[in-house]
Amino acid sequence: MEISLLKMLLNNITRFVSFSARGDKCSGIVENCCVKIEEVVKLVKPVLECVVDDEVASDEVLQKEFEGMSRCVDEVMAVFEECHPLMSKVYFVLKVESLFAKVQTHGLEIFDRLQSCEGLPVELSSASLEHCVQKIKHMGFEKLSANVSKAIRVQVEGSDPSSDLTSKIADLLSLKSNKELLIELVALENLKESAEQAEKNGEVEYIEEMIALVTHMHDCFVEMKQSQSSYPVPIPPDFCCPLSLELMTDPVIVASGQTYERRYIRDWIDLGLTVCPKTMQSLVHSNLIPNYTVKALIANWCESNHIKLPDPVKSVIHHEEAYLVHHVRSSSEDSMPELENEDDDLAESVERRMDLGGPSTVTPPQVESSGCGVVDDGSQEITREESLPQVTVEPQPVIAAPSASPQREQHAYSPRFGKLSRKQMWRRPSEKFVTETRADLAGVETQVKKLAEDLSSSSVDVVKNATSELRLLARHDKDIRNVIASCGAIPLLINLLHSTDQNIQENSVTALLNLSINDINKAAIANADAIEPLIHVLKTGSSEAKENSAATLFSLSVIDDIKVKIGRSGAIEPLVDLLGNGTPRGKKDAATALFNLSTHHENKARIVQVAGAVRYLIELMDPATGMVDKAVAVLSNLATLPEGRAGIGQEGGIPMLVEVVELGSARAKENAAAALYSYEGAIPPLAALSQSGAMEIPLLELFLKNISSFLRLSCKDNTSFDIVEKYYIKIEELLKLIKPVLESVIDVEVASHESLQKEFTDMSQSVNNLRKVLEDCHPLMSKVYFVLKVESLFAKIHTHGLNIIDLLQSCEGLPVEPSSLSLKKIKPIGHEKPLDIVSRAIIDEDHSSDITSQIADLLSLSSNQELLIELVALETIKESAEQAEYIEEMISLVTHMHDGFIEMKQSQNNKSIPIPPDLCCPLSLELMTDPVIVSSGQTYEREYITNWINLGLTKCPKTMQIIVHANLTPNYAVRALIANWCESNNVKLPDPVKASLVHQAVTSFKDESLLQALTTTTTDASEEVSTQAQPTIRNVSMSRSQTFRSTRVCSVIEARVKKLVEDLNSTSLEVVKNATSELRLLARDKKDIRNVIVDCGAIPLLTTLLYSPNQYIQENSVTALLNISINDMNKISIGNANPIEPLIHVLKTGSPEAKENSAATLYSLAFTEDNKIKIGRSGAIEPLVDLLRNGTPRGKKDAATALYNLSTFKENQARIVEAGAVRLLVELMDPAVGMIDKAVAILSILATIPEGRAEIGQEGCLPMLVEVVELGSAREKENAAAGLLQLCTNSIKFCNMVLREGAVPPLVILAQSGTPRAKEKAQSLLRYFREHRQGNVLHKSYPLPQGHVHE
């Protein structure tokens, strides 16, 4: 039955009054606005209730007013329901003020009309109605719109609004702090973006005027704060946090390249703000990287100006207290100094409150090496955590933190420029040093106790957060691991291994794994009855949980008693199952655990008895698995049992063991030989070996085979530097002298002489060892270690060679008498003795310049980069070396050489003003022009650190910490400081383009003409300083001479690219391979160079090379095209070269990397509508779906991204469904895969067509979409809601299924707190559900909201 307009109005008023009575308003402004409107509707409501059944209610004029007022109240309700703490207060109040005026007008019109009507109920007298009219007339807002309009008008006229006017606006909107003003600007920017997408040009213009006004208010606030500074000298702006406006004590850099105080930017991110407060760029990740360069510069500035650096703890207390009280203070007050006078109890209580809440900000000083000695995977937990979306625990370098003390050595300067001893400089910090360079553990203990309490909470989310944070805390620091154990967390974590929540179980087992790194914790974990729960995880957990459970069992099994317990508790069977069916990481962890268990005799039989154990181990002896060493080690132990030997024989393991003896690593050969030796008495060893083609060989014959094998080794295939070639030639010379002598006596009886046999054996072993050393050498190896090892082996070979000649000369009856000439030729070989020189430098600590110069010349350590690579290589060797002390002495020597090199470079600096060390790149030792920060918190010149990473180096050159990711974040704070220093000192900053190209010429091209052209370019000494400084600070134009220089540099690059393009047509595979490789690298970083490559005509040639049968040429070509396509204009150029068919060919036939980059290129090209059509019609969808099914994790992501772009074109949607993509996309919604966002985005689009909806329903996807609405990220929820809306509004069956899955509660939450689009979809779906229950749904004609699906 139709509801009357009056009843509808009364219903809306009742809803609004109920909403107003709720106490969950997000701010005081919302509360005040709500009260104002409530006052009006509460006056109107009783009057309307009196006439609801009266004939007067059907008056046409009143009906119109009822409808108008009902619509306004409904709009007001919608505005209030959508409000949230991060909304724009200006926009909200202006909108509510406008709606209030309409409600007020409708109310007055209703009363005016009623006063003119006759026959009203008795209670509605003229006097009572007039009283209501007067009350409504006198209600109202303080007219914000008038003040805002006035301020905007003044700005448009070119003036600044008065301080009184802006203060009044700030008071009306409670915009009284820097943070509130910045949040307002972010909110307005978001509104502007939405208006631009909706093409509401008038609204965009008005919002821009509001942004200009709030920006002016923010600038005024910053000026006011600066004028109130208590410091005797002005603080450089780049040293102040843009959020706190105070001197930074713990500066960190975010994804946008801007630097903030850690606590303030962490609070900003925790509020849910995902844009940089300074630049308004989106923060693509929430990692906070310590900015040690800025930290050191602040410490230096404080020291120079005799300013005490603020206490970081006190600063945090001030921040927390100021946040609590700033609403009750005027905007002109500075609450920070007042808090300094608070008593100690207040400070302590606030500090305790901070320790108990918020994300972990504990910053362990250094990643320690694993104490558990996991065969070769000791750092497994650290590598697994690399993919975490948010890093809250940043490893600190060895450098001491800055303080206010005038002792400069304590500042966080580069160890290369400070006064640290060489022992401090490159060694990992001792425990004593660690304690000195971080905060007291008392604060950590308080936090850990709270987390341990949370483990017993009844809330799943609280437990999940606690386990996650304990997992992170236990990762790096030995002392923190002990604190966690002492706080009683171990038993609680063990209990949680039985949790049904996957995340809690994963976090708990990983936390226990990390805790077990400390030996003392191993016993504590085992004594807490952890074995049974760990086995439960092995049987029922996720892939990651199983991996870490196996690794924990390995760690515990280091103790003999625990080995027995683990074996008797039934762990072996699930470990064998993981060995056969786990992930590659899981198989390694299982094999490692089984190896440790198999060292106890009782466990060997258990392993053999488990079906498939021996078979799995033999399968893992395939070199492609990368697990030969582990498999052979376990089999070697099992072969000591008769049933073990029988199993190995039955599974065909003997021939594979023989092959390992011949071709395996030293450790694998050792274990394989031990396994074969176990067969003596059961199977005759020689018979077993002969079946595999290996017969007994006389020692001399074996020796000659080893010599021949060495001589076949081509040093040019293994090395590209002189030092290895020099040694190869020297050893080759020696062996070529000995070999003919030995060949002459191979069939002579004297060859079996006992003394000669021993010399043959020893020399053969030395030759074999030397061959392995040369085979394993690579450009990043330690040259010092290599030379000492090779010299030692060469000395043995030299001695054995002389001994063999001496023994043969004393024998009679030889076919050819060994001449004394051979002896004379052998003796002088190897007269250079770098071993003696290095030993003297290490043992006698003789670091004189003569000695170090000789070593540098002998080892080709003549540049800063070579010395740093040497230090990295030695650090890596030290981590796994048994004689770490001797390696440390080598590190000390090379560190001394490096320090000497830096001093020499500084003395050669011809600049009249010394450059501050922290403004120089630690790799180039030059003033930086494009500083970027890496994950360790250190700053480098972009080109140099990029080259460092591209070499395969994964350690920070300055701190030796692992670079956990290769993201390079621009350090705008340092860039601005460099620009300011250059201006202040009239120093010309090097041209970044020229510097980059010089470096490329030196490190990549080796092109002397290019290098000469770049380095001989003349410069004008009178040129102005120009730098690409921070975009928001300044904008310096390029001078005419700079333009000329850049043009000249570009012409040099163009010449180089033209030559490479010509090489693409070469008939030589090697030339084409090198050309494609170099073009691939050139196209990677620079926009201008990509354009040069296109202009030189490379695209058609690269497209043709996609058909190349050579894997490397095909990979380089497709990757070059992918890099070139980054520039939007180049997408069109590539599209015009008909690349789609060749790219599809690569998708079908290429290597995994080529397939990945082909999919990524198709994604890049699919940004234009024409290309989407072409790609879809050319048959690309089927191979993309195949890549989604069978590709690598990276390939699946690239395929999904390409399919998403293609699916936005209607014609392609059916093709994607027909190719069987839906089932694969549903499988990818498993959280462990990490592709929920991509899968849901595509499914929400496919749900717009009937066949897509049918497949989604058939694959059982609806419950998963409901789960995403409840638990997914903001974007995932948005797309899941869009997909559900399409599914439900087109199928009553699906609608009922979704309702049964409990979709309503998460949709209600999403309708209140989601993104604008998510709210729209959720509200539409809830409205549909209501109508569905009421039977009002006209299924086919239900209007669907339109909108683009976001990936």
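Since the structure is predicted, the reported quantities are computational estimates derived from the model, not experimental observations.
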Verdict with supporting geometry, Val463 and Asp454, side-chain contact (heavy atoms from CB on, under 4.5 Å): CA-CA 6 Å; Val463 177; Asp454 288 347; over 6 Å; no

Stepwise side-chain contact (heavy atoms from CB on, under 4.5 Å) test for Ser282 and Thr274: CA-CA 6 Å; Ser282 289; Thr274 58; 5.6 Å; no

Criterion side-chain contact (heavy atoms from CB on, under 4.5 Å) on Ile1249 and Gln1286, from CA distance to verdict: CA-CA 9 Å; Ile1249 60 172; Gln1286 293 286 352; over 6 Å; no

Worked check of side-chain contact (heavy atoms from CB on, under 4.5 Å) between Met77 and Arg15: CA-CA 8 Å; Met77 187 72 183; Arg15 281 177 57 234; 3.6 Å; yes

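Closest heavy-atom contact between Leu1243 and Ile1256: O-CD1, 3.6 Å. Nearest heavy atoms, Ser286 versus Arg266: O-NH2, 3.8 Å. In terms of heavy atoms, Ile1292 sits closest to Tyr1328 at CD1-OH, 3.8 Å. Of all the heavy atoms in Leu182 and Pro277, the pair that sits closest is CD2-O, 3.7 Å. Of all the heavy atoms in Cys241 and Tyr264, the pair that sits closest is SG-CB, 4.2 Å. Heavy atoms only, all atoms of each residue included: Met69 and Gly107 are closest at SD-N, 4.2 Å.
More than 12 heavy atoms of other shown residues, nucleotides or ligands fall within 6.0 angstrom of atom CD in Glu81. In this structure, Lys45 places its NZ atom where more than 12 heavy-atom neighbours from other residues, nucleotides or ligands lie under 6.0 Å away.
With hydrogens and angles ignored, the 3.5 Å screen pairs no side-chain donor or acceptor of Ser468 with any backbone N or O of Lys464. In this structure, the side chain of Asp74 does not engage the main chain of Ser70 through any donor-acceptor pair within 3.5 Å. Between the side chain of Asn12 and the backbone N or O of Val73, no donor-acceptor pair lies under 3.5 Å. With hydrogens and angles disregarded, a donor-acceptor distance shorter than 3.5 Å links the side chain of Thr215 to the backbone of Ile211. Of the possible polar contacts, one joining the Ser1324 side chain to the Glu1320 backbone as a donor-acceptor pair under 3.5 Å is found. For the pair Ser149 (side chain) and Ala146 (backbone), a donor-acceptor distance under 3.5 Å is absent. With hydrogens and angles disregarded, no donor-acceptor distance shorter than 3.5 Å links the side chain of Glu82 to the backbone of Gln1312. Put simply, the side chain of Ser1291 never gets that close to the backbone of Cys1288: no donor and acceptor are under 3.5 Å apart. A donor-acceptor contact shorter than 3.5 Å links the side chain of Ser194 to the backbone of Asn190. In terms of modelled atom types and a separation under 3.5 Å, the side chain of Glu180 and the main chain of Lys176 share a donor-acceptor contact.
Residues forming a side-chain hydrogen bond (donor to acceptor under 3.5 Å, both in side chains) with Lys1319 (at least two apart in sequence, or on another chain): none. Scanning for side-chain hydrogen bond (donor to acceptor under 3.5 Å, both in side chains) contacts around Glu203 gives Tyr91, with sequence neighbours left out. Residues satisfying the ring pair (Phe, Tyr, Trp, His ring centres under 6.0 Å) criterion with Phe92, sequence neighbours excluded, are Phe80.
Interatomic distance, CG of Leu5 versus NZ of Lys7, reported as 12.0 Å (0.5 Å rounding). A distance of 3.5 Å separates OG in Ser1207 from CD1 in Ile1245, rounded to the nearest 0.5 Å. In this structure, Ser1244 OG and Leu1285 CG are separated by 11.0 Å, a value rounded to the nearest 0.5 Å. In this structure, CG on Leu173 lies 6.5 Å from CE on Met217, to the nearest 0.5 angstrom. Going from atom SG of Cys34 over to atom CD1 of Ile29 covers 13.5 Å, rounded to the nearest 0.5 Å. Between the CZ atom of Phe66 and the CG atom of Leu6 there is a distance of 4.5 Å, given to the nearest 0.5 Å.
Contact check for Val1268 versus Ser1273: no side-chain heavy atoms found under the 4.5 Å cut-off. Side chains of Glu109 and Arg113 form no contact here, defined as non-hydrogen atoms less than 4.5 Å apart. Side-chain contact between Glu67 and Arg71 is present, with heavy atoms from C-beta onward closer than 4.5 Å. Taking 4.5 Å as the limit, some side-chain heavy atom of Ile183 sits within range of a side-chain heavy atom of Leu273. At a threshold of 4.5 Å between non-hydrogen side-chain atoms, the residues Met1264 and Val1240 do not count as touching. Contact check for Met139 versus Lys36: no side-chain heavy atoms found under the 4.5 Å cut-off. Contact of the Glu208 side chain with the Lys192 side chain is registered, since non-hydrogen atoms from C-beta on lie closer than 4.5 Å. Side-chain contact between Ser174 and Lys89 is present, with at least one heavy-atom pair separated by less than 4.5 Å.
Checking Glu1278 against Thr1315 by side-chain atom types alone, a donor-acceptor pair falls below 3.5 Å. Between the side chains of Thr279 and Gln281, at least one donor-acceptor pair of N or O atoms lies under 3.5 Å. Residues Glu184 and Ser88 have side chains that bring a donor and an acceptor to within less than 3.5 angstrom of each other.
Checked for salt-bridge contact, Asp267 and Lys179 miss the test: no charged N lies under 4.0 Å from a carboxylate O. At a threshold of 4.0 Å, the pair Asp164-Lys168 does not count as salt-bridged, since none of the basic side-chain nitrogens sits closer than that to a carboxylate oxygen.
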